[in-house]
Participant: 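Before we start, here is the structure in question, set down as structure tokens.
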Amino acid sequence: MRILICLLLSCCSLAQAQPAPGAGYPAQPVTIVVGYPPGAGTDVLARLVALRLAKRLGQPFVVENLPGASGMIGASHVAKAAPDGYTLLVAPNTLFLAAHLLPKASTPDVVRAFAPVIQLSQGMLLLAARPGLGVSDAAGLVALARKRPGLSYGSPGSGSPMHIAGELFNRAAGVSITHVPYKGTAPAITDLLGGHIDLIYGVPGSLWPHVQAGKMVALGVVQPTRSTLLPQVPTLEEQGVKGLDVTTWYGMLAPAGTPAPVVARLNREVAAILAEPDVQKEFRAQWEVPVGGSAEDFTRRTRDDYTRAGAIIAEFGIRLD
């Protein structure tokens, strides 16, 4: 009996001695994968966060760029990584759009392959027109589109949030403005400035300098409420074009199965970073509003966006170029 009691006590001691999952994290350098080239928006924000995580947690957080396939090369790498918190992904919401458009064999199951950590930020989309079109607001555009068929809008590619915004505008306003896809925003801007297309959907970082120069006319923001980044620009919603809510965001994800305490630690530390005034200033300089929130909040956001994107892509028959 005495031997049995000693064995039980020994087992209890061993159980108590086992470290909790994630205890001591991070104990080695952490890699943050970005599926886009250095200098891209995703890369800039990832490096801002990585630098401050390293200072707070005492380990290097190294950004590794693995560009290609609409960010899926980097995403696939992280999906296959050990779920220990030492390989993370910073990605835009287009990850959850592209999953519906790229071949299934070449993409991870973005809903099941990742443990969402935190939403880093939210951006916005802007609808702008060439000045020669003669419209200054959404009502003027709708009236012109009904009177003069054949108007066109440019986007950085089929299946992009900008393409989706244009199709939702067509449906909501009861018009048919032709989509012209480009390989990136720059050539679309060039064609609008040259008068080859009439409208463009894009992020303000690309379009606003041209608006300020008088080379574009800002017609509205593609979300339900005005953005604090451009509070002077009304939304398309408040101008009567209802149901348009197409935003951009960046977030941090870990491989599925990453211990909850590690996800919680990362969420807590990144949330604290996003609350720092200098970080908020740097994010806003990139036309991004810091968000934060819980891992559960971000998980719901990714699931909702994935489901909504799939429905929209199916409704409009969107395919990659």
Side-chain angles (χ1 to χ4, degrees), residues 41 92-94 97 122-248 286-289 312 316 318 321:
N93 62 328
T94 49
L97 295 174
Q122 179 161 306
M124 56 183 282
L125 294 184
L126 188 66
L127 170 59
R130 59 181 180 86
L133 197 62
V135 298
S136 58
D137 56 24
L141 173 60
V142 172
L144 182 63
R146 289 173 179 169
K147 179 181 178 181
R148 191 206 307 174
L151 298 183
S152 59
Y153 75 91
S155 83
S158 295
S160 64
M162 299 75 170
H163 178 196
I164 287 174
E167 295 306 307
L168 291 177
F169 183 96
N170 280 345
R171 184 182 69 182
V175 298
S176 182
I177 302 174
T178 302
H179 174 230
V180 182
Y182 291 83
K183 294 188 180 300
T185 300
I189 290 174
T190 298
D191 269 9
L192 183 130
L193 297 179
H196 302 296
I197 57 174
D198 303 301
L199 305 152
I200 188 170
Y201 289 87
V203 294
S206 298
L207 304 188
W208 195 247
H210 299 289
V211 173
Q212 290 180 307
K215 297 179 180 180
M216 290 184 187
V217 178
L219 301 184
V221 175
V222 193
Q223 59 189 47
T225 58
R226 294 198 186 199
S227 172
T228 57
L229 298 171
L230 284 175
Q232 71 274 38
V233 178
T235 68
L236 297 173
E237 178 89 14
E238 69 184 274
Q239 297 181 69
V241 185
K242 303 296 183 181
L244 268 69
D245 184 8
V246 185
T247 56
T248 60
Q286 298 295 321
W287 294 94
E288 294 290 326
V289 177
I312 291 171
F316 295 110
I318 294 173
D321 303 326

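For the single chain, residues carry numbers from 1 onward in sequence order.
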Participant: How far apart are the closest heavy atoms of Leu168 and Ile312, and which atoms are they?
Facilitator: CD1-CD1, 4.1 Å
Participant: Please round to the nearest 0.5 Å and tell me the distance separating atom CG of Leu229 and atom CE of Met124.
Facilitator: 6.0 Å
Participant: Between Ala128 and Leu207, what is the shortest heavy-atom contact and its length?
Facilitator: CB-CD1, 4.3 Å
Participant: How close do Val135 and Ala129 get, heavy atom to heavy atom, and via which atoms?
Facilitator: CG2-CB, 4.2 Å
Participant: Testing Ile200, Thr178, Leu199 for side-chain contact (heavy atoms from CB on, under 4.5 Å) with Tyr153, which one passes?
Facilitator: Leu199
Participant: Take Ser227 and Gln122 through the side-chain contact (heavy atoms from CB on, under 4.5 Å) test and state the conclusion after the steps.
Facilitator: CA-CA 10 Å; Ser227 172; Gln122 179 161 306; over 6 Å; no
Participant: Does any N or O in the side chain of Ser160 come within less than 3.5 Å of the main-chain N or O of His163, such that one atom is a donor and the other an acceptor?
Facilitator: yes
Participant: Does any N or O in the side chain of Asp198 come within less than 3.5 Å of the main-chain N or O of Leu133, such that one atom is a donor and the other an acceptor?
Facilitator: no
Participant: When you compare the side chain of Val222 with that of Leu126, does any pair of heavy atoms fall below 4.5 Å?
Facilitator: no
Participant: Side chain of Arg130, backbone of His196: donor and acceptor closer than 3.5 Å?
Facilitator: no
Participant: Work out which heavy atom in Thr225 is nearest to a heavy atom in Gln223; give both atom names and the distance.
Facilitator: O-NE2, 3.0 Å
Participant: Give the C-alpha distance, both sets of side-chain angles, the deciding distance and a yes or no for side-chain contact (heavy atoms from CB on, under 4.5 Å) between Asn170 and Phe316.
Facilitator: CA-CA 11 Å; Asn170 280 345; Phe316 295 110; over 6 Å; no
Participant: Working to the nearest 0.5 angstrom, can you tell me the gap between Arg146 CZ and Leu151 CG?
Facilitator: 12.5 Å
Participant: Any side-chain heavy atom of Val203 sitting closer than 4.5 Å to one from Leu125?
Facilitator: yes
Participant: Do side-chain atoms of Arg226 reach the backbone of Pro231 as a donor and acceptor pair under 3.5 angstrom?
Facilitator: yes
Participant: So, for Tyr182 and Gly154, which heavy atoms are closest and what is the spacing to 0.1 Å?
Facilitator: CE1-CA, 4.1 Å
Participant: Hey, are the side chains of Leu141 and Val241 touching, using non-hydrogen atoms and a 4.5 Å cut-off?
Facilitator: no
Participant: Tell me the closest heavy-atom pair linking Thr185 and Ser206, and the distance in Å.
Facilitator: CG2-CB, 3.9 Å
Participant: Begin with the C-alpha distance, continue with both residues' side-chain angles, and end with the deciding distance and a verdict on side-chain contact (heavy atoms from CB on, under 4.5 Å) for Glu288 and Thr248.
Facilitator: CA-CA 9 Å; Glu288 294 290 326; Thr248 60; 4.3 Å; yes
Participant: Can you measure from CG (Leu230) to OG1 (Thr235) and round to the nearest 0.5 angstrom?
Facilitator: 12.5 Å
Participant: Does a side-chain heavy-atom distance below 4.5 Å link Ile189 with Met216?
Facilitator: yes
Participant: Please answer whether the main-chain N or O of Pro224 pairs with a side-chain N or O of Asp245 as donor and acceptor at a distance below 3.5 Å.
Facilitator: no
Participant: Indicate yes or no: at least one non-hydrogen side-chain atom of Val142 is less than 4.5 angstrom from one of Val175.
Facilitator: yes
Participant: Could you walk me through whether Leu219 and Phe169 pass the side-chain contact (heavy atoms from CB on, under 4.5 Å) check?
Facilitator: CA-CA 12 Å; Leu219 301 184; Phe169 183 96; over 6 Å; no
